[in-house]
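Because the structure is a prediction, the values reported are computed rather than measured.
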Amino acid sequence: SASHEGYMDNHRHSYWDDFFGVKGLRDAAYLAGVAGQPNAQKEYALMASDFEKLFVESIEFTQRHHNIPYIAGCVELGDFDATSTAIGIYPCGGLRYVPREHFDATFDRYWKFFTDREANRIEWRDYTPYEVRVLAAMVLLGEPERAHHMMNWFMRDIRPLGWKHWAEVGYLDPEPGRWIGDMPHTWVGSDYIKSLRLMLIHERESDGKLVFGLGIKPSWMTGEHGLIARDMPTMYGPVNLTGRLKSNEATFQISGKLRKIVPLVLRLPWRNGVRSVRINGAPVSPNSQEISIPRLPVRVDVTLETSQNL
């Protein structure tokens, strides 16, 4: 499939559509299971596995053909389009079957481009805020600090300033009188919302866990109220998350009405420097950033090695 008008002058094949094709087959298998159709579930799952294998072979053939390390936007051009490739990570779950090094090469290259543009080390005039899709990809690649940095930069291009939306085009020079496309651009807005939601709550397909706090920034937990997120929808039911940070003490409270038993984890926003963790008052060993939660509601208290001066 050509996917969009940019590939239609001479018909080309977009990997955007292949990522969604895999996602569609996996979702069809899931829905067949929910509907009590095991034969259809098996058939869709086999189709998805076959599609994944052939898709990866195509990605790697295209890399060899064009002599590129990243995942191309389309087969024929071998073009670099991280904004589109981002959906391969989220919501399409490509980290499960595409070798990690292909995504790393793609988004490390994007990060260099982003920082070069930010510092005006390269010439640029405008861009499309569709790039907010990359926020979720960075978080799932284990780079939430990059996502937070990017988020702050994108926020500067909300037009008019103070309104809660983006136009289709952002400019280096924000003077009026230029073409800005659709406004408000709800595709950009919805990509931002799903990225922010993922930072707070995420249904992780790889292990079936419900993950809280995947991309929380510690500074969000400071101030009079800290972090408050209520009635966040999930496939298991609505959940609530609060977080407060004062000096070297942090407290998380999580509640919700889940329709089924599902493994729960809280991902702490600190890679190191955690002195102790208590779950409902009982001490646990913080062996990693992810803390297993037995059930909801729960209170998690974290003591850090040093005060957080944010």
Side-chain angles (χ1 to χ4, degrees), residues 1-24 26 48 51-151 153-154 170 187-188 191-192 194-195 198 205-206 215:
S1 169
S3 184
H4 64 79
E5 61 273 16
Y7 290 154
M8 289 180 181
D9 57 336
N10 183 7
H11 194 92
R12 303 178 179 105
H13 298 83
S14 171
Y15 281 148
W16 165 286
D17 298 313
D18 292 313
F19 279 120
F20 276 116
V22 171
K23 174 67 172 169
R26 287 292 176 191
F51 194 171
E52 289 171 355
K53 177 177 178 293
L54 294 172
F55 184 15
V56 172
E57 289 179 3
S58 177
I59 289 172
E60 293 177 345
F61 174 86
T62 302
Q63 288 174 324
R64 292 191 300 272
H65 180 74
H66 294 287
N67 193 27
I68 56 175
Y70 52 82
I71 299 173
C74 78
V75 173
E76 287 81 2
L77 295 179
D79 52 329
F80 181 72
D81 188 2
T83 303
S84 292
T85 307
I87 61 95
I89 294 179
Y90 187 75
C92 295
L95 280 171
R96 183 179 49 76
Y97 63 91
V98 177
R100 171 66 183 256
E101 61 264 25
H102 301 329
F103 282 122
D104 285 340
T106 303
F107 291 97
D108 285 345
R109 180 187 176 103
Y110 171 82
W111 177 245
K112 183 180 186 309
F113 161 77
F114 180 92
T115 53
D116 284 347
R117 178 181 60 188
E118 179 186 35
N120 293 320
R121 288 190 291 264
I122 58 175
E123 291 187 10
W124 69 284
R125 176 176 177 269
D126 54 27
Y127 78 102
T128 57
Y130 297 118
E131 288 183 34
V132 297
R133 292 182 200 134
V134 182
L135 297 174
M138 287 297 188
V139 172
L140 290 175
L141 287 169
E143 299 286 356
E145 294 84 2
R146 289 183 177 182
H148 298 149
H149 186 93
M150 292 164 53
M151 183 184 290
W153 193 84
F154 292 136
W187 193 348
V188 175
D191 279 326
Y192 174 78
K194 71 179 178 64
S195 294
L198 177 139
E205 289 185 66
S206 61

pair F103-Y70: side-chain heavy atoms closer than 4.5 Å: no
Flag, side chain of Y90 to backbone of V134, donor-acceptor distance under 3.5 Å: no
Test ring-ring contact (aromatic ring centres under 6.0 Å, His included) applied to Y192 - qualifying residues, sequence neighbours left out: W166
Identified side-chain contact (heavy atoms from CB on, under 4.5 Å) counterpart of V75 within the set H65, H13, R12: H13
Non-neighbouring partners of S195 that pass side-chain hydrogen bond (donor to acceptor under 3.5 Å, both in side chains), sequence neighbours left out: none
Those residues that, when tested against A82, pass side chain to side chain contact (heavy atoms under 4.5 Å, CB included) (two or more places apart): F80, T106, F107, Y110
Residues that K112 engages under side chain to side chain contact (heavy atoms under 4.5 Å, CB included), provided they are two or more places apart: D116
Considering all heavy atoms, the nearest A72-G78 contact: CB-CA, 3.6 Å
W111 ring center near H149 ring center (under 6.0 Å): yes
Nearest non-hydrogen partners of V188 and V132, listed with the distance: O-CG2, 3.6 Å
Contacts of E52 that satisfy salt bridge (Lys or Arg N to Asp or Glu O under 4.0 Å) - sequence neighbours left out: R26, R96
A147: partners by side chain to side chain contact (heavy atoms under 4.5 Å, CB included), with sequence neighbours left out: L135, M138, V139, M199
Salt bridge (charged side-chain N to carboxylate O under 4.0 Å, His left out) partners of residues 129-140, not counting sequence neighbours, each pair once: R117-E131, R133-D191
Contact summary for I87 and S84, nearest pair of heavy atoms: CG1-O, 3.0 Å
Cationic N near anionic O, under 4.0 Å, D18 to K23: no
Near-ring test W16/Y7, centroid separation under 6.0 angstrom: no
Contacts of type salt bridge (Lys or Arg N to Asp or Glu O under 4.0 Å), residue D104, not counting sequence neighbours: R100
Parallel, tilted or perpendicular: rings of F154 and F114 (30°, 60°): perpendicular
Spacing of OG1 belonging to T85 relative to CD1 belonging to I71, to within rounding of 0.5 Å: 6.0 Å
Distance-minimising heavy-atom pair for G170 and P129: N-CD, 4.0 Å
Aromatic ring pairing Y97/F19, orientation class (parallel under 30°, perpendicular over 60°, tilted between): tilted
F55 and Y15 aromatic ring geometry - parallel, tilted or perpendicular at 30°/60° bounds: tilted
Partners meeting salt bridge (Lys or Arg N to Asp or Glu O under 4.0 Å) with E76 (sequence neighbours left out): none
Under 3.5 Å: donor-acceptor pair, side chain of S58, backbone of L54: no
Gap separating the OG atom of S14 from the CG atom of D81, nearest 0.5 angstrom: 8.0 Å
Pairing residues for W124 by the side-chain hydrogen bond (donor to acceptor under 3.5 Å, both in side chains) criterion, not counting sequence neighbours: N120
Within-4.5 Å side-chain heavy-atom neighbours: L95 and S206: no
For E60, side chain to side chain contact (heavy atoms under 4.5 Å, CB included) partners two or more places apart: V56, Q63, R64, P99, H102
For E57, salt bridge (Lys or Arg N to Asp or Glu O under 4.0 Å) partners two or more places apart: K53
